[in-house]
Amino acid sequence: MVKRDLIRNIIIAVLAIVVILLLRAFVLSTHRVTEGQANDYIHAGDYVTFNKNVEPHNKDFILYTVNGKEYIGRVIADEGKSVTAMDDFLYINDKSVDESYISKDKSAYLATVSPGNFFGLIEKDQIKGVISFRLYPLSRFGFVVVD
């Protein structure tokens, strides 16, 4: 009886580990935010999870790579929209949008999001995932607010 319970518990533990590893490999992963990636919502030293299988939407935080370096950014436009940021103002489709995170030291840029190829100013295949949850520090544990 004890031997059968032990074997059952080992099988359950192995299955749980396999499920966790599969989730980590194909769905969720964690990332430690560095000083250069931090912003007003996600701080340096935070451990966040990102979902690899979710399509980014407007105002979502994403983790993406450019030339092998990882960055955290915010989606500000979907495909087909025209985006301009000048003098502390953000324009989407030539209409002013109030976004507090655009700072005065940003240089002006203009981009049109091509269908299926670009999200913002990066290619869709550069996106590693959508940041959704903060694991650490425990004082800010919970979902990342995208306001």
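Numbering of residues begins at 1 and proceeds along the displayed sequence.
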Counterpart residues, salt bridge (Lys or Arg N to Asp or Glu O under 4.0 Å), relative to Arg140 (two or more places apart): Asp46

Transitive ILVMFWY cluster of Leu138, excluding itself - 4.5 Å side-chain cut-off: Tyr47, Phe133, Leu135, Tyr136, Phe141, Phe143

Connected-component partners of Leu15 among ILVMFWY, side-chain separation under 4.5 Å: Ile7, Ile11

Closest non-hydrogen atom pair between Lys52 and Ala25, with its separation: NZ-O, 3.0 Å

Arg32 and Glu70 ion-paired at < 4.0 Å: no

Separation between CG of Asp94 and OG of Ser82, rounded to the nearest 0.5 Å: 5.5 Å

Donor-acceptor contact below 3.5 Å, side chain Asn9 vs main chain Leu6: no

By side-chain contact (heavy atoms from CB on, under 4.5 Å) - contacts of Asn53 (at least two apart): Val27, Asn51

Remaining members of hydrophobic cluster (4.5 Å side-chain criterion), Leu21: Ile17

Exercise: identify the closest heavy-atom pair between Ala77 and Asn58: N-OD1, 3.9 Å

Closest heavy-atom pair and its distance - Thr65, Lys128: CG2-CD, 3.5 Å

Minimum-distance pair of heavy atoms, taken over all atoms of Ala38 and His43: CB-C, 3.9 Å

Reported NE2-to-NZ distance for the pair His57 and Lys59, which is rounded to 0.5 angstrom: 14.5 Å

Test item: Ile62 and Arg74 side chains (from C-beta on) under 4.5 Å apart, heavy atoms: no

Ile20-Leu23 co-clustered via ILVMFWY side chain contacts under 4.5 Å: no

Results of side chain to side chain donor-acceptor pair (under 3.5 Å) for Ser29 - residues two or more places apart only: Arg24

Verdict with supporting geometry, Leu63 and Tyr71, side-chain contact (heavy atoms from CB on, under 4.5 Å): CA-CA 6 Å; Leu63 180 67; Tyr71 297 94; over 6 Å; no

Straight-line distance of Asp125 CG to Tyr64 OH, nearest 0.5 Å: 14.0 Å

Asn39: partners by side-chain contact (heavy atoms from CB on, under 4.5 Å), with sequence neighbours left out: Tyr41, Ile42, Phe61, Ile72

Listed partners of Ser96 passing side-chain contact (heavy atoms from CB on, under 4.5 Å), at least two apart: Phe89, Tyr91

Sequence-distant partners of Ile12, side-chain contact (heavy atoms from CB on, under 4.5 Å), two or more places apart: Arg8

Within-4.5 Å side-chain heavy-atom neighbours: Val130 and Phe50: no

Counterpart residues, side chain to side chain donor-acceptor pair (under 3.5 Å), relative to Ser132 (two or more places apart): none

Qualifying ring pair (Phe, Tyr, Trp, His ring centres under 6.0 Å) pairs with a residue from residues 11-34, counting only residues at least two apart or across chains: none

